[in-house]
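Below: the structure, in structure tokens.
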Amino acid sequence: MNLEVFYELRDRLEDSAIAGINLLSEDFRLKRAVEKTEAYAKTAAVFKQIYEMGLKLLDDKTEDKAAVLLDELALLDAVLCTQASLFTDEEFTEIKNLKPVKEVYTELPYSSLKPLLEALRGTGSGRYALIRDAHERNPEIFKDYRLRFALVAALGDSYSEISSMAASWLKDGNENTVSLLKEGFDFDGKGEMALRLEIIDALSKNKENDFYKECIEKGTKEIKIAAIKALRHTKENFELILGLTKTEKGKIKEAAVSSLSFMGEENCKDHMRELVLKSPISLVPLLKFTKENWISDILAEVLKRYIDKYNSLSADNKEDKKKVKADIDFIMDACVGKSSENMLKSLEEAYNISGDTLATVLADSLIDNPTYSLCDFIKNLYDEKGDKFLHAAFMASMLTESKESVYEKYSPYLKKGILDKVLPGSKKGNELIGVFFRLSYSKEKDIYLMSSLNTYIYNYKLKIENGFDERWYELILDYAGGKNIKEENMYTYDDVLIKLYKPDIKGLDKLYREHFNKQIRKRFPRERDIEILKLCKEENFEGIISNMAKLKGYNERAYHYIGDIINVLPISAMKLAAELDFLINNTDKKRAYLVQRLTELKIEAEQREV
């Protein structure tokens, strides 16, 4: 429908309003514009109403023309907004819609997302904490397509911490995320585009092989390096990758070596072995992520050579021995997840040189690439070498033995009575508790998971097939609530308990309520503390705010914690205002910013619904 006459009428009314409503009846152009709408008045009631109101404006007898004018303009705007169309003389191009996927939209108003969107798209400091904390509180909202666009844009953020954080969350995406990353991909780009390609690699594997080849052909050096690494997913790329290791140099050659290590082609083992032995310190880190046994054997040979070199040095040659030991630690870091027979032999030889590094490598290997031979190797080391391998042995037992036998074997280190001898901070107590930092319970999947503490495999989560003995809960609660735990460590131990919470265990809610009610009166409460108490059916949340005034460091630290919990506390507005008033009266008046913030919160509370 051609609405031109209504656009003309609206324009004339706006111009006439500026000239003055007393002159409306004398405006011949307005009269002509009203007359043009007469033909439409017969087709729809709304057009008839527009026409009749126009006649009233032209009639000198009409009273309160100002009100009629405003009503006419409002009605015209409503019609034009709802009936408007977009026209162009240019050729149309197809709009690329997002592929339909689950969880692309969350039921959150734009006002809730606005601070995050501004932080992701903005500049300056202070944004990292806001984004990180929002993700910790509610990671699901970052699946919203509105934030997905912003996360892609954040890959080019000048703060590397923000771009790295955005990349790690985008790697939890789906095919729709890949579409966003490919949209507007710039082959002439650098770090940001290379990061996009790394995420596409993580999400699509071999599905985007043609795109990887296109990136190698058209991309800058940074893009080409990321694309060559992505070729590892497709066996047909073997000859191409092998050729690149022979023709390229520098970072591009290193990328090809890394990619080749995933191919499972033992017919290139001699070539790879020659490359690595020639430049071990530069090439060993490139073999860190592959699980191939033939690569494991090459690394085992490199490690053995350095062990022999260390042992050949005299005890007086301390500087050289220190340097070689550092090289051994460096090589062992790439041995995570490798458990071929030759590798296990070399690792055992490394014990006398670098036992602490070995213990860490073995624990991470259990998450990265668990095997029965590795578990047996670790448990034997613990039996032979002792407590240095208690942490890894506990993990290995969880993965291979029944939950009951694991509890009977390891619980004595935490049981009452033994805590008098093995206090928090002592070796065995810490080694054992350290394993619980890795554990979590997934309510959605009804399974216990074990994760790595190593940043590069941080997102790896391994299912504990044999389950988790419920008797552990009481012991962990005892340990975490112990008087020997320093305040800064209370948060860490309580986070372990929050991750392990399983709602259907009889009596656990009561134990958790008792524990967390004590904790939040000994230390500053956080949003996650309030949420876990809600899950445990706690009914009394009064006094939590006012209790902060009694805590050490209240005047210096309360500002952050109050803001963290105030919107999740299930208490009436009146009681909340009273507790805030108590804090105001007990705050050092020199802390003017805190008094002001508390006053603002009190006013907000008084206006809030009960």
Side-chain angles (χ1 to χ4, degrees), residues 133 136-138 414-416 419 423-424 433 436-437 439-441 443 470-583 585-587 598 601-602 605 608 610:
D133 293 347
E136 285 183 0
R137 287 194 298 269
N138 188 4
L414 292 181
K415 279 186 177 177
K416 292 178 180 178
L419 275 177
L423 294 172
I433 281 293
F436 292 108
F437 292 166
L439 305 183
S440 60
Y441 171 74
K443 184 179 178 181
E470 295 175 4
R471 290 175 290 176
W472 282 112
Y473 282 97
E474 191 170 352
L475 294 183
I476 304 170
L477 282 159
D478 252 356
Y479 194 96
K483 36 179 144 170
N484 294 291
I485 304 289
K486 296 179 180 178
E487 183 193 345
E488 59 266 26
N489 294 331
M490 287 181 189
Y491 296 105
T492 306
Y493 290 127
D494 287 341
D495 284 344
V496 171
L497 289 166
I498 290 171
K499 289 194 301 177
L500 282 172
Y501 174 67
K502 191 171 186 288
D504 59 354
I505 296 178
K506 186 177 180 181
L508 189 61
D509 280 353
K510 181 175 181 293
L511 291 174
Y512 266 57
R513 286 198 303 270
E514 291 172 353
H515 173 81
F516 280 94
N517 271 316
K518 288 179 182 176
Q519 295 297 90
I520 60 176
R521 284 163 176 79
K522 291 193 294 185
R523 59 163 175 78
F524 288 96
R526 306 160 300 167
E527 180 178 345
R528 67 190 71 173
D529 299 318
I530 306 303
E531 295 298 346
I532 192 67
L533 281 168
K534 288 180 184 177
L535 288 175
C536 296
K537 305 175 184 64
E538 175 60 52
E539 296 178 356
N540 182 16
F541 290 86
E542 293 178 25
I544 293 175
I545 291 276
S546 56
N547 182 73
M548 288 190 190
K550 304 174 184 177
L551 298 176
K552 182 180 178 181
Y554 161 72
N555 285 292
E556 294 78 20
R557 300 169 60 193
Y559 186 94
H560 169 74
Y561 290 99
I562 292 170
D564 194 34
I565 70 168
I566 196 165
N567 291 321
V568 296
L569 268 178
I571 62 175
S572 71
M574 183 178 67
K575 290 177 179 176
L576 177 58
E579 293 199 32
L580 288 167
D581 192 52
F582 177 83
L583 289 186
N585 294 327
N586 285 273
T587 298
L598 290 170
L601 291 172
K602 179 188 172 186
R608 198 175 81 178
V610 177

Item to complete: Taking the side chain as every heavy atom from C-beta outward, state whether R557 and K552 have any atom pair closer than 4.5 Å.
Response: no
Item to complete: Would you mind reporting whether K522 and L551 have side-chain heavy atoms less than 4.5 Å apart?
Response: no
Worksheet item: Which atom names give the shortest non-hydrogen contact between G543 and E579, and what distance separates them?
Response: N-OE2, 2.7 Å
Worksheet item: Any side-chain heavy atom of P503 within less than 4.5 Å of one from Y512?
Response: no
Discussion item. Regarding K518 and E514, does a basic nitrogen lie under 4.0 Å from an acidic carboxylate oxygen?
Written reply: no
Worksheet item: Which value, rounded to the nearest 0.5 Å, describes the distance between M574 atom CE and L576 atom CG?
Response: 11.0 Å
Practice prompt. Ignoring hydrogens and angles, tell me if any N or O in the side chain of K499 forms a donor-acceptor pair with the backbone of F437 under 3.5 Å.
Written response: yes
Fill in: Smallest separation among heavy atoms of P570 and F541, with atom names
CG-CD1, 3.4 Å
Discussion item. Quick test of your reading of the model: are D494 and R526 salt-bridged, counting only N-O distances below 4.0 Å?
Written reply: no
Item to complete: Would you name the heavy atoms of A558 and F524 that are closest together and state the gap between them?
Response: CA-CE2, 4.1 Å
Fill in: Y491 (side chain) donor-acceptor with R523 (main chain) under 3.5 angstrom
no
Item to complete: Show your reasoning for whether side-chain hydrogen bond (donor to acceptor under 3.5 Å, both in side chains) applies to Y554 and N547.
Response: CA-CA 10 Å; Y554 161 72; N547 182 73; over 6 Å; no
Worksheet item: Do you know the tightest heavy-atom contact between N586 and A549?
Response: CB-CB, 4.1 Å
Practice prompt. Please examine the side chains of L497 and L477, heavy atoms only from C-beta on, and report whether any two atoms are closer than 4.5 Å.
Written response: yes
Fill in: I562 side chain reached by I565 side chain, heavy atoms, under 4.5 Å
no
Worksheet item: Is the side chain of E538 donor-acceptor paired with the backbone N or O of R513 at a distance under 3.5 Å, no angle test?
Response: no
Item to complete: Taking the side chain as every heavy atom from C-beta outward, state whether I571 and I544 have any pair of such atoms under 4.5 Å apart.
Response: no
Worksheet item: Would E531 and R528 pass as an ion pair if we require N to O under 4.0 Å?
Response: no
Fill in: Test item: Y473 and L511 side chains (from C-beta on) under 4.5 Å apart, heavy atoms
no
Worksheet item: What distance separates L535 CG from I530 CD1, expressed to the nearest 0.5 Å?
Response: 12.0 Å
Practice prompt. Tell me, yes or no, whether the heavy-atom count around K502 atom NZ, taken from other residues, nucleotides or ligands under 6.0 Å, exceeds 12.
Written response: yes
Discussion item. Taking the side chain as everything from C-beta on, heavy atoms only, tell me whether D529 gets closer than 4.5 Å to I498.
Written reply: yes
Worksheet entry | Closest heavy-atom pair and its distance - T587, L583 | OG1-O, 2.5 Å
Practice prompt. To the nearest 0.5 angstrom, please state how far the CG atom of D509 sits from the OH atom of Y501.
Written response: 3.5 Å
Item to complete: May I ask you to check whether over 12 heavy atoms, not counting those of K575, lie within 6.0 Å of atom NZ?
Response: no
Response to the item:
Interatomic distance, CG@D581 vs CG@L601, rounded to 0.5 Å, equals 12.5 Å
Worksheet, complete the sentence: Between L580 and I545 the two heavy atoms that sit nearest each other are CD2-CG2, 4.2 Å
